[in-house]
Peer 1: 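Here's a structure for you.
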Protein chains: 2
Amino acid sequence: MSTPPKISRNPDRTRRKLLQAAIRLFSRHGLHAVSVDQVVGLARVNKRMVYHYFGSKDALFEAALAEVYKRIEAIEFHAVERGRSPREKLARLLESYFEFLDQEPEFTRLLQWENLEKGRHLTKENHLLSKNPFFERFRAIVQDGVAAGEFRADVDVTHLMIHFIGLCFIYHSNRFSLSQSLDLDLGQAKVKARGLSQVLRLVFEGIASPASAAKLGAA
Amino acid sequence: MSTPPKISRNPDRTRRKLLQAAIRLFSRHGLHAVSVDQVVGLARVNKRMVYHYFGSKDALFEAALAEVYKRIEAIEFHAVERGRSPREKLARLLESYFEFLDQEPEFTRLLQWENLEKGRHLTKENHLLSKNPFFERFRAIVQDGVAAGEFRADVDVTHLMIHFIGLCFIYHSNRFSLSQSLDLDLGQAKVKARGLSQVLRLVFEGIASPASAAKLGAA
DNA sequence: CCGGGCAGTAACCCACCGGTTACTCAGGCC
DNA sequence: GGCCTGAGTAACCGGTGGGTTACTGCCCGG
(Lines give C-alpha, C1' and ligand atoms only; values in the text may rest on other atoms or scores of the structure.)
Protein backbone atom coordinates (compact mmCIF):
# COMPACT_ATOMS: atom_id res chain seq x y z
CA MET A 1 0.00 0.00 0.00
CA SER A 2 1.20 3.47 -0.79
CA THR A 3 -0.26 5.02 2.37
CA PRO A 4 -0.04 3.20 5.71
CA PRO A 5 -3.52 2.10 6.84
CA LYS A 6 -3.38 2.75 10.59
CA ILE A 7 -1.45 5.68 11.85
CA SER A 8 -0.80 7.95 14.73
CA ARG A 9 0.77 10.52 12.44
CA ASN A 10 -1.33 11.49 9.47
CA PRO A 11 -1.45 15.14 8.48
CA ASP A 12 -4.04 14.77 5.73
CA ARG A 13 -6.42 12.79 7.87
CA THR A 14 -6.17 15.21 10.79
CA ARG A 15 -6.68 18.21 8.58
CA ARG A 16 -9.66 16.57 6.92
CA LYS A 17 -11.24 15.61 10.22
CA LEU A 18 -10.96 19.18 11.46
CA LEU A 19 -12.44 20.56 8.28
CA GLN A 20 -15.30 18.08 8.36
CA ALA A 21 -16.14 18.85 11.98
CA ALA A 22 -15.88 22.57 11.30
CA ILE A 23 -18.24 22.36 8.33
CA ARG A 24 -20.76 20.38 10.32
CA LEU A 25 -20.76 22.60 13.39
CA PHE A 26 -20.32 26.01 11.76
CA SER A 27 -23.07 25.32 9.22
CA ARG A 28 -25.49 24.30 11.97
CA HIS A 29 -24.76 26.93 14.60
CA GLY A 30 -22.67 29.65 13.00
CA LEU A 31 -19.15 30.83 13.69
CA HIS A 32 -19.73 32.46 17.07
CA ALA A 33 -21.95 29.81 18.61
CA VAL A 34 -19.30 27.12 18.14
CA SER A 35 -16.11 26.96 20.17
CA VAL A 36 -12.80 25.63 19.01
CA ASP A 37 -13.07 23.11 21.83
CA GLN A 38 -16.30 21.77 20.36
CA VAL A 39 -14.75 21.43 16.92
CA VAL A 40 -11.73 19.52 18.16
CA GLY A 41 -13.98 17.45 20.41
CA LEU A 42 -16.04 16.31 17.44
CA ALA A 43 -12.97 15.82 15.27
CA ARG A 44 -11.21 13.94 18.09
CA VAL A 45 -8.09 15.95 17.49
CA ASN A 46 -5.93 18.08 19.74
CA LYS A 47 -6.88 21.75 19.94
CA ARG A 48 -3.40 22.85 19.05
CA MET A 49 -3.86 21.30 15.59
CA VAL A 50 -6.37 23.97 14.62
CA TYR A 51 -3.63 26.54 15.00
CA HIS A 52 -1.06 24.25 13.45
CA TYR A 53 -3.07 23.71 10.26
CA PHE A 54 -5.23 26.79 9.98
CA GLY A 55 -3.84 29.49 12.23
CA SER A 56 -7.05 30.74 13.81
CA LYS A 57 -10.73 29.97 14.30
CA ASP A 58 -11.58 32.50 11.60
CA ALA A 59 -9.22 30.89 9.14
CA LEU A 60 -10.77 27.51 9.90
CA PHE A 61 -14.19 28.95 9.10
CA GLU A 62 -12.82 30.39 5.90
CA ALA A 63 -11.42 27.00 4.91
CA ALA A 64 -14.76 25.34 5.70
CA LEU A 65 -16.55 27.86 3.52
CA ALA A 66 -14.17 27.36 0.62
CA GLU A 67 -14.56 23.60 0.97
CA VAL A 68 -18.37 23.53 0.73
CA TYR A 69 -18.29 26.10 -2.02
CA LYS A 70 -16.41 23.63 -4.17
CA ARG A 71 -19.40 21.32 -4.00
CA ILE A 72 -21.20 23.39 -6.61
CA GLU A 73 -18.60 22.26 -9.07
CA ALA A 74 -19.57 18.68 -8.32
CA ILE A 75 -23.20 19.10 -9.40
CA GLU A 76 -23.88 16.67 -12.19
CA PHE A 77 -25.42 18.70 -14.95
CA HIS A 78 -25.57 15.79 -17.40
CA ALA A 79 -29.39 15.75 -17.18
CA VAL A 80 -29.32 19.28 -18.53
CA GLU A 81 -27.91 18.21 -21.85
CA ARG A 82 -30.82 15.84 -22.40
CA GLY A 83 -33.13 18.81 -22.80
CA ARG A 84 -34.20 19.19 -26.42
CA SER A 85 -34.60 22.96 -26.34
CA PRO A 86 -33.19 25.88 -24.37
CA ARG A 87 -36.42 25.90 -22.41
CA GLU A 88 -36.07 22.24 -21.44
CA LYS A 89 -32.39 22.61 -20.71
CA LEU A 90 -33.02 25.57 -18.47
CA ALA A 91 -35.74 23.65 -16.65
CA ARG A 92 -33.31 20.81 -15.96
CA LEU A 93 -30.64 23.21 -14.79
CA LEU A 94 -32.99 24.97 -12.43
CA GLU A 95 -34.19 21.65 -11.04
CA SER A 96 -30.60 20.60 -10.44
CA TYR A 97 -29.83 23.79 -8.54
CA PHE A 98 -32.99 23.59 -6.46
CA GLU A 99 -32.16 19.99 -5.58
CA PHE A 100 -28.59 20.93 -4.77
CA LEU A 101 -29.62 23.55 -2.23
CA ASP A 102 -32.01 21.08 -0.67
CA GLN A 103 -29.48 18.29 -0.38
CA GLU A 104 -26.54 20.39 0.72
CA PRO A 105 -27.73 22.32 3.75
CA GLU A 106 -24.13 22.76 4.81
CA PHE A 107 -23.54 24.83 1.69
CA THR A 108 -26.80 26.73 1.96
CA ARG A 109 -26.44 27.59 5.62
CA LEU A 110 -22.73 28.37 5.64
CA LEU A 111 -23.27 30.78 2.77
CA GLN A 112 -26.00 32.53 4.74
CA TRP A 113 -23.93 32.85 7.89
CA GLU A 114 -21.17 34.29 5.79
CA ASN A 115 -23.42 36.82 4.11
CA LEU A 116 -24.71 37.94 7.49
CA GLU A 117 -21.08 38.52 8.43
CA LYS A 118 -20.92 40.78 5.36
CA GLY A 119 -18.62 38.45 3.49
CA ARG A 120 -15.66 38.94 5.84
CA HIS A 121 -14.27 35.53 4.94
CA LEU A 122 -14.73 35.68 1.19
CA THR A 123 -13.38 39.09 0.38
CA LYS A 124 -9.92 37.62 0.08
CA GLU A 125 -8.89 35.78 -3.02
CA ASN A 126 -10.54 32.45 -2.39
CA HIS A 127 -12.22 30.19 -4.89
CA LEU A 128 -15.62 31.82 -4.98
CA LEU A 129 -14.83 34.00 -7.92
CA SER A 130 -13.46 31.14 -9.96
CA LYS A 131 -15.69 29.82 -12.66
CA ASN A 132 -18.95 28.50 -11.34
CA PRO A 133 -20.43 25.89 -13.70
CA PHE A 134 -23.98 26.81 -12.75
CA PHE A 135 -23.53 30.45 -13.66
CA GLU A 136 -21.82 29.60 -16.92
CA ARG A 137 -24.39 27.07 -18.08
CA PHE A 138 -27.20 29.40 -17.05
CA ARG A 139 -25.86 32.28 -19.08
CA ALA A 140 -25.21 30.14 -22.12
CA ILE A 141 -28.62 28.48 -22.13
CA VAL A 142 -30.51 31.75 -21.75
CA GLN A 143 -28.52 33.28 -24.57
CA ASP A 144 -29.32 30.25 -26.75
CA GLY A 145 -32.98 30.59 -25.84
CA VAL A 146 -33.02 34.23 -26.84
CA ALA A 147 -31.27 33.41 -30.11
CA ALA A 148 -33.82 30.66 -30.76
CA GLY A 149 -36.68 33.06 -30.12
CA GLU A 150 -37.97 31.14 -27.12
CA PHE A 151 -37.12 33.83 -24.58
CA ARG A 152 -37.67 37.56 -24.74
CA ALA A 153 -34.77 39.39 -26.34
CA ASP A 154 -34.61 41.88 -23.48
CA VAL A 155 -34.11 39.49 -20.57
CA ASP A 156 -31.37 40.61 -18.22
CA VAL A 157 -29.42 37.42 -17.71
CA THR A 158 -27.60 38.62 -14.61
CA HIS A 159 -30.70 39.69 -12.75
CA LEU A 160 -32.57 36.63 -13.96
CA MET A 161 -29.86 34.52 -12.37
CA ILE A 162 -30.13 36.47 -9.12
CA HIS A 163 -33.88 36.06 -9.22
CA PHE A 164 -33.76 32.38 -9.80
CA ILE A 165 -31.31 31.92 -6.95
CA GLY A 166 -33.60 34.00 -4.77
CA LEU A 167 -36.58 31.85 -5.68
CA CYS A 168 -34.68 28.77 -4.54
CA PHE A 169 -32.99 30.22 -1.48
CA ILE A 170 -36.13 31.64 0.07
CA TYR A 171 -37.40 28.14 0.83
CA HIS A 172 -34.36 27.72 3.07
CA SER A 173 -33.39 31.20 4.18
CA ASN A 174 -36.82 32.16 5.51
CA ARG A 175 -38.17 28.69 6.03
CA PHE A 176 -39.11 29.03 9.67
CA SER A 177 -40.60 32.49 9.69
CA LEU A 178 -42.58 31.80 6.51
CA SER A 179 -43.77 28.44 7.80
CA GLN A 180 -45.14 30.12 10.86
CA SER A 181 -46.63 33.13 9.10
CA LEU A 182 -48.26 31.09 6.35
CA ASP A 183 -49.12 28.12 8.53
CA LEU A 184 -47.56 25.85 5.92
CA ASP A 185 -44.50 23.70 6.66
CA LEU A 186 -41.92 24.56 4.01
CA GLY A 187 -39.84 21.60 5.11
CA GLN A 188 -42.31 19.07 3.70
CA ALA A 189 -41.21 17.39 0.50
CA LYS A 190 -44.48 17.95 -1.30
CA VAL A 191 -44.49 21.65 -0.43
CA LYS A 192 -40.99 21.98 -1.82
CA ALA A 193 -41.99 20.03 -4.94
CA ARG A 194 -44.94 22.34 -5.52
CA GLY A 195 -42.66 25.30 -4.85
CA LEU A 196 -40.23 24.17 -7.53
CA SER A 197 -42.95 23.59 -10.11
CA GLN A 198 -44.43 27.01 -9.40
CA VAL A 199 -41.00 28.60 -9.65
CA LEU A 200 -40.48 27.05 -13.06
CA ARG A 201 -43.91 28.16 -14.15
CA LEU A 202 -43.27 31.74 -13.03
CA VAL A 203 -39.87 31.91 -14.66
CA PHE A 204 -40.90 30.44 -17.98
CA GLU A 205 -44.06 32.47 -18.32
CA GLY A 206 -42.01 35.42 -17.17
CA ILE A 207 -39.31 35.22 -19.80
CA ALA A 208 -41.17 33.62 -22.69
CA SER A 209 -41.14 35.56 -25.92
CA PRO A 210 -44.63 36.62 -27.11
CA ALA A 211 -44.50 34.03 -29.89
CA SER A 212 -43.67 31.08 -27.67
CA ALA A 213 -46.05 32.38 -25.00
CA ALA A 214 -48.91 32.08 -27.46
CA LYS A 215 -47.96 28.45 -28.05
CA LEU A 216 -47.81 27.76 -24.32
CA GLY A 217 -51.09 29.52 -23.77
CA ALA A 218 -52.75 27.36 -26.40
CA ALA A 219 -51.52 24.13 -24.84
CA MET B 1 -45.20 68.43 32.87
CA SER B 2 -46.70 65.00 33.23
CA THR B 3 -43.35 63.16 33.14
CA PRO B 4 -40.30 64.66 34.81
CA PRO B 5 -37.68 65.57 32.20
CA LYS B 6 -34.50 64.42 33.94
CA ILE B 7 -34.68 61.25 35.95
CA SER B 8 -32.67 58.64 37.69
CA ARG B 9 -35.65 56.27 37.80
CA ASN B 10 -37.54 55.65 34.58
CA PRO B 11 -38.60 52.09 33.79
CA ASP B 12 -39.93 52.77 30.31
CA ARG B 13 -36.87 54.64 29.23
CA THR B 14 -34.48 51.99 30.56
CA ARG B 15 -36.42 49.19 28.93
CA ARG B 16 -36.54 51.05 25.65
CA LYS B 17 -32.84 51.82 25.73
CA LEU B 18 -32.04 48.16 26.28
CA LEU B 19 -34.34 47.08 23.46
CA GLN B 20 -32.90 49.65 21.10
CA ALA B 21 -29.32 48.64 21.84
CA ALA B 22 -30.24 44.97 21.52
CA ILE B 23 -31.88 45.49 18.13
CA ARG B 24 -28.89 47.40 16.86
CA LEU B 25 -26.24 44.97 18.04
CA PHE B 26 -28.06 41.69 17.50
CA SER B 27 -29.13 42.66 13.98
CA ARG B 28 -25.56 43.57 13.07
CA HIS B 29 -23.65 40.74 14.66
CA GLY B 30 -26.12 38.06 15.67
CA LEU B 31 -27.07 36.70 19.07
CA HIS B 32 -23.88 34.83 19.87
CA ALA B 33 -21.40 37.45 18.75
CA VAL B 34 -22.84 40.06 21.09
CA SER B 35 -22.40 39.94 24.86
CA VAL B 36 -24.80 41.23 27.44
CA ASP B 37 -22.02 43.54 28.57
CA GLN B 38 -21.88 45.09 25.10
CA VAL B 39 -25.62 45.64 25.05
CA VAL B 40 -25.71 47.34 28.45
CA GLY B 41 -22.61 49.29 27.52
CA LEU B 42 -24.32 50.76 24.46
CA ALA B 43 -27.56 51.30 26.35
CA ARG B 44 -25.67 52.86 29.27
CA VAL B 45 -27.68 50.80 31.69
CA ASN B 46 -26.72 48.42 34.45
CA LYS B 47 -26.34 44.79 33.43
CA ARG B 48 -28.71 43.62 36.10
CA MET B 49 -31.52 45.44 34.32
CA VAL B 50 -31.45 42.96 31.43
CA TYR B 51 -32.44 40.27 33.90
CA HIS B 52 -34.82 42.58 35.69
CA TYR B 53 -36.78 43.43 32.55
CA PHE B 54 -36.27 40.47 30.26
CA GLY B 55 -35.02 37.55 32.31
CA SER B 56 -32.24 36.31 30.01
CA LYS B 57 -30.17 37.18 26.97
CA ASP B 58 -32.34 34.88 24.85
CA ALA B 59 -35.51 36.58 26.02
CA LEU B 60 -33.97 39.96 25.18
CA PHE B 61 -33.27 38.72 21.67
CA GLU B 62 -36.82 37.46 21.41
CA ALA B 63 -38.14 40.85 22.48
CA ALA B 64 -35.89 42.58 19.94
CA LEU B 65 -37.20 40.30 17.20
CA ALA B 66 -40.83 40.93 18.13
CA GLU B 67 -40.15 44.65 18.18
CA VAL B 68 -38.71 44.87 14.67
CA TYR B 69 -41.35 42.52 13.37
CA LYS B 70 -43.98 45.05 14.33
CA ARG B 71 -42.42 47.47 11.87
CA ILE B 72 -44.10 45.66 8.98
CA GLU B 73 -47.39 46.87 10.35
CA ALA B 74 -46.13 50.41 10.07
CA ILE B 75 -45.55 50.25 6.30
CA GLU B 76 -47.65 52.88 4.67
CA PHE B 77 -49.58 51.15 1.94
CA HIS B 78 -51.55 54.24 0.95
CA ALA B 79 -49.71 54.41 -2.36
CA VAL B 80 -51.12 50.98 -3.15
CA GLU B 81 -54.67 52.24 -3.26
CA ARG B 82 -53.79 54.78 -5.91
CA GLY B 83 -53.31 51.94 -8.38
CA ARG B 84 -56.10 51.92 -10.95
CA SER B 85 -56.05 48.17 -11.56
CA PRO B 86 -55.04 45.04 -9.66
CA ARG B 87 -51.87 45.03 -11.69
CA GLU B 88 -50.97 48.58 -10.72
CA LYS B 89 -51.92 47.99 -7.11
CA LEU B 90 -49.79 44.90 -6.92
CA ALA B 91 -46.88 46.80 -8.44
CA ARG B 92 -47.16 49.47 -5.74
CA LEU B 93 -47.40 46.86 -3.02
CA LEU B 94 -44.32 45.06 -4.27
CA GLU B 95 -42.41 48.30 -4.50
CA SER B 96 -43.36 49.14 -0.92
CA TYR B 97 -42.14 45.79 0.34
CA PHE B 98 -38.88 45.98 -1.58
CA GLU B 99 -38.29 49.47 -0.18
CA PHE B 100 -39.16 48.31 3.30
CA LEU B 101 -36.53 45.56 3.28
CA ASP B 102 -33.99 48.00 1.97
CA GLN B 103 -34.68 50.66 4.57
CA GLU B 104 -35.06 48.36 7.54
CA PRO B 105 -31.91 46.24 7.62
CA GLU B 106 -32.51 45.58 11.29
CA PHE B 107 -35.67 43.73 10.34
CA THR B 108 -34.12 41.95 7.39
CA ARG B 109 -31.04 40.81 9.24
CA LEU B 110 -32.66 39.87 12.53
CA LEU B 111 -35.11 37.70 10.63
CA GLN B 112 -32.25 35.95 8.89
CA TRP B 113 -30.32 35.29 12.07
CA GLU B 114 -33.47 33.88 13.56
CA ASN B 115 -34.15 31.60 10.60
CA LEU B 116 -30.62 30.28 10.81
CA GLU B 117 -31.35 29.47 14.44
CA LYS B 118 -34.30 27.45 13.13
CA GLY B 119 -36.86 29.82 14.57
CA ARG B 120 -36.05 29.04 18.21
CA HIS B 121 -37.30 32.43 19.32
CA LEU B 122 -40.46 32.61 17.27
CA THR B 123 -42.00 29.23 17.89
CA LYS B 124 -43.66 30.60 20.99
CA GLU B 125 -46.82 32.63 20.75
CA ASN B 126 -45.33 35.94 19.69
CA HIS B 127 -46.73 38.43 17.26
CA LEU B 128 -45.43 36.93 14.08
CA LEU B 129 -48.53 34.93 13.33
CA SER B 130 -50.81 37.88 13.95
CA LYS B 131 -52.22 39.54 10.91
CA ASN B 132 -49.58 40.84 8.60
CA PRO B 133 -50.94 43.66 6.44
CA PHE B 134 -48.60 42.83 3.57
CA PHE B 135 -49.81 39.25 3.33
CA GLU B 136 -53.43 40.28 3.52
CA ARG B 137 -53.23 42.99 0.89
CA PHE B 138 -51.20 40.72 -1.37
CA ARG B 139 -53.75 37.95 -1.25
CA ALA B 140 -56.69 40.27 -1.82
CA ILE B 141 -55.12 42.07 -4.76
CA VAL B 142 -54.10 38.87 -6.52
CA GLN B 143 -57.61 37.49 -6.08
CA ASP B 144 -59.05 40.69 -7.52
CA GLY B 145 -56.65 40.43 -10.43
CA VAL B 146 -57.72 36.90 -11.17
CA ALA B 147 -61.39 37.88 -10.96
CA ALA B 148 -60.75 40.77 -13.33
CA GLY B 149 -59.04 38.46 -15.80
CA GLU B 150 -55.68 40.21 -15.52
CA PHE B 151 -53.90 37.30 -13.86
CA ARG B 152 -53.99 33.61 -14.69
CA ALA B 153 -56.77 31.79 -12.91
CA ASP B 154 -54.38 29.10 -11.70
CA VAL B 155 -51.85 31.25 -9.83
CA ASP B 156 -50.99 29.81 -6.44
CA VAL B 157 -51.22 32.87 -4.23
CA THR B 158 -49.28 31.38 -1.35
CA HIS B 159 -46.32 30.30 -3.42
CA LEU B 160 -46.45 33.52 -5.40
CA MET B 161 -46.10 35.37 -2.12
CA ILE B 162 -43.15 33.22 -1.10
CA HIS B 163 -41.58 33.81 -4.49
CA PHE B 164 -41.98 37.51 -4.37
CA ILE B 165 -40.47 37.65 -0.91
CA GLY B 166 -37.59 35.52 -2.17
CA LEU B 167 -37.03 37.86 -5.09
CA CYS B 168 -36.69 40.76 -2.67
CA PHE B 169 -34.74 39.02 0.06
CA ILE B 170 -32.04 37.63 -2.19
CA TYR B 171 -30.65 41.13 -2.76
CA HIS B 172 -29.92 41.26 0.97
CA SER B 173 -29.51 37.65 2.08
CA ASN B 174 -26.88 36.77 -0.52
CA ARG B 175 -25.67 40.24 -1.25
CA PHE B 176 -21.99 39.70 -0.58
CA SER B 177 -21.49 36.30 -2.16
CA LEU B 178 -23.46 37.33 -5.25
CA SER B 179 -21.64 40.63 -5.52
CA GLN B 180 -18.34 38.79 -5.56
CA SER B 181 -19.43 35.99 -7.89
CA LEU B 182 -21.12 38.30 -10.39
CA ASP B 183 -18.64 41.13 -10.00
CA LEU B 184 -21.56 43.52 -9.53
CA ASP B 185 -22.11 45.46 -6.32
CA LEU B 186 -25.66 44.68 -5.20
CA GLY B 187 -25.43 47.45 -2.63
CA GLN B 188 -25.50 50.18 -5.27
CA ALA B 189 -28.78 52.05 -5.53
CA LYS B 190 -29.00 51.74 -9.28
CA VAL B 191 -28.40 48.01 -9.20
CA LYS B 192 -31.19 47.63 -6.67
CA ALA B 193 -33.46 49.82 -8.76
CA ARG B 194 -32.82 47.72 -11.83
CA GLY B 195 -33.35 44.61 -9.71
CA LEU B 196 -36.75 45.82 -8.61
CA SER B 197 -37.86 46.71 -12.10
CA GLN B 198 -36.74 43.33 -13.38
CA VAL B 199 -38.53 41.59 -10.53
CA LEU B 200 -41.75 43.37 -11.41
CA ARG B 201 -41.29 42.49 -15.05
CA LEU B 202 -40.73 38.82 -14.26
CA VAL B 203 -43.67 38.62 -11.90
CA PHE B 204 -46.15 40.38 -14.17
CA GLU B 205 -45.17 38.53 -17.30
CA GLY B 206 -45.17 35.41 -15.18
CA ILE B 207 -48.70 35.68 -13.86
CA ALA B 208 -50.42 37.57 -16.66
CA SER B 209 -53.43 35.88 -18.17
CA PRO B 210 -53.01 35.06 -21.89
CA ALA B 211 -55.45 37.83 -22.80
CA SER B 212 -53.66 40.57 -20.89
CA ALA B 213 -50.30 39.16 -21.95
CA ALA B 214 -51.25 39.76 -25.57
CA LYS B 215 -52.00 43.37 -24.71
CA LEU B 216 -48.70 43.79 -22.93
CA GLY B 217 -46.84 42.13 -25.77
CA ALA B 218 -48.43 44.50 -28.26
CA ALA B 219 -47.39 47.53 -26.23
C1' DC C 1 21.53 4.97 12.22
C1' DC C 2 20.94 9.44 13.70
C1' DG C 3 19.40 14.39 13.53
C1' DG C 4 15.97 17.67 12.75
C1' DG C 5 11.59 19.17 11.53
C1' DC C 6 6.96 18.36 11.92
C1' DA C 7 2.64 15.87 13.94
C1' DG C 8 0.74 15.57 18.14
C1' DT C 9 -0.13 16.22 23.42
C1' DA C 10 -1.30 18.24 28.11
C1' DA C 11 -1.47 21.86 30.76
C1' DC C 12 -1.92 26.37 31.15
C1' DC C 13 -3.33 31.68 30.43
C1' DC C 14 -6.50 35.25 31.64
C1' DA C 15 -10.08 38.05 29.77
C1' DC C 16 -14.56 37.76 29.44
C1' DC C 17 -18.97 35.07 29.41
C1' DG C 18 -24.05 34.90 31.25
C1' DG C 19 -25.96 35.27 35.36
C1' DT C 20 -26.37 36.39 40.64
C1' DT C 21 -25.84 38.41 45.22
C1' DA C 22 -26.51 41.77 48.35
C1' DC C 23 -27.38 45.93 48.63
C1' DT C 24 -29.33 51.17 48.20
C1' DC C 25 -32.70 54.22 47.44
C1' DA C 26 -36.81 56.68 44.99
C1' DG C 27 -41.35 57.66 45.40
C1' DG C 28 -46.48 56.42 45.39
C1' DC C 29 -49.88 55.12 48.84
C1' DC C 30 -52.37 55.23 53.08
C1' DG D 1 -44.22 60.28 57.68
C1' DG D 2 -43.30 55.62 57.45
C1' DC D 3 -43.26 51.61 54.59
C1' DC D 4 -43.13 48.64 50.86
C1' DT D 5 -42.32 47.65 46.10
C1' DG D 6 -39.61 47.98 42.32
C1' DA D 7 -35.65 50.66 39.84
C1' DG D 8 -30.96 50.83 40.04
C1' DT D 9 -25.86 49.76 41.46
C1' DA D 10 -21.26 47.38 42.26
C1' DA D 11 -18.95 43.56 43.10
C1' DC D 12 -18.64 39.07 42.37
C1' DC D 13 -19.17 33.84 40.54
C1' DG D 14 -17.59 29.57 38.30
C1' DG D 15 -16.99 28.29 33.69
C1' DT D 16 -15.44 28.75 29.24
C1' DG D 17 -13.55 31.48 25.38
C1' DG D 18 -9.54 31.68 21.80
C1' DG D 19 -5.01 31.10 21.84
C1' DT D 20 -0.12 29.57 23.72
C1' DT D 21 3.71 27.18 26.01
C1' DA D 22 6.65 23.64 26.56
C1' DC D 23 7.11 19.47 25.61
C1' DT D 24 7.31 14.28 23.31
C1' DG D 25 8.28 11.30 19.79
C1' DC D 26 7.60 9.68 14.77
C1' DC D 27 9.78 9.18 10.56
C1' DC D 28 12.51 10.50 6.52
C1' DG D 29 16.81 12.20 4.23
C1' DG D 30 21.50 11.71 4.74
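None of these values were measured; they are calculated from a predicted model. Naming: A, B, ... by sequence-line order, numbering from 1 per chain.
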Peer 1: Quick one: list whatever passes salt bridge (Lys or Arg N to Asp or Glu O under 4.0 Å) with Asp144(A), sequence neighbours left out.
Peer 2: none
Peer 1: Taking only residues two or more places apart in sequence or in another chain, which ones pass salt bridge (Lys or Arg N to Asp or Glu O under 4.0 Å) with Asp185(B)?
Peer 2: none
Peer 1: Can you list every pair that meets salt bridge (charged side-chain N to carboxylate O under 4.0 Å, His left out) and has a residue in residues 96-112 of chain A, with sequence neighbours left out?
Peer 2: Arg71(A)-Glu104(A), Arg71(A)-Glu106(A), Asp102(A)-Lys192(A)
Peer 1: Does anything in residues 34-62 of chain A form a ring-ring contact (aromatic ring centres under 6.0 Å, His included)? List the pairs, not counting sequence neighbours.
Peer 2: Phe26(A)-Phe61(A), Phe61(A)-His121(A)
Peer 1: For residues 20-46 of chain A, which residue pairs qualify under side-chain hydrogen bond (donor to acceptor under 3.5 Å, both in side chains), counting only residues two or more places apart or in two chains?
Peer 2: His32(A)-Glu117(A), Ser35(A)-Gln38(A), Asp37(A)-Lys47(A)
Peer 1: Please report, rounded to the nearest Å, how far the C1' atom of dG18(C) is from the CG atom of Leu25(B).
Peer 2: 16 Å
Peer 1: Not counting sequence neighbours, which residues clear salt bridge (Lys or Arg N to Asp or Glu O under 4.0 Å) with Glu81(A)? List them please.
Peer 2: Arg137(A)
Peer 1: Using the test salt bridge (Lys or Arg N to Asp or Glu O under 4.0 Å), find all partners of Arg15(A) that sit at least two apart in sequence or belong to another chain.
Peer 2: none
Peer 1: Across nucleotides 2-14 of chain D, 5' to 3', mark each nucleotide with B, S or - according to how protein heavy atoms within less than 4.0 Å reach it.
Peer 2: ----BBBBB----
Peer 1: Could you state the atom-to-atom distance from NZ of Lys57(A) to C1' of dT16(D) in whole Å?
Peer 2: 12 Å
Peer 1: Any residue in residues 27-41 of chain B with a heavy atom nearer than 4.0 angstrom to DNA chain C? Just list them by number, or reply none.
Peer 2: Val34(B), Ser35(B), Val36(B), Asp37(B)
Peer 1: Do Cys168(A) and Ile165(A) come within less than 4.5 Å of each other through their side chains, counting heavy atoms only?
Peer 2: no
Peer 1: From NZ of Lys17(A) over to C1' of dG8(C), roughly how many Å is that when rounded to an integer?
Peer 2: 11 Å
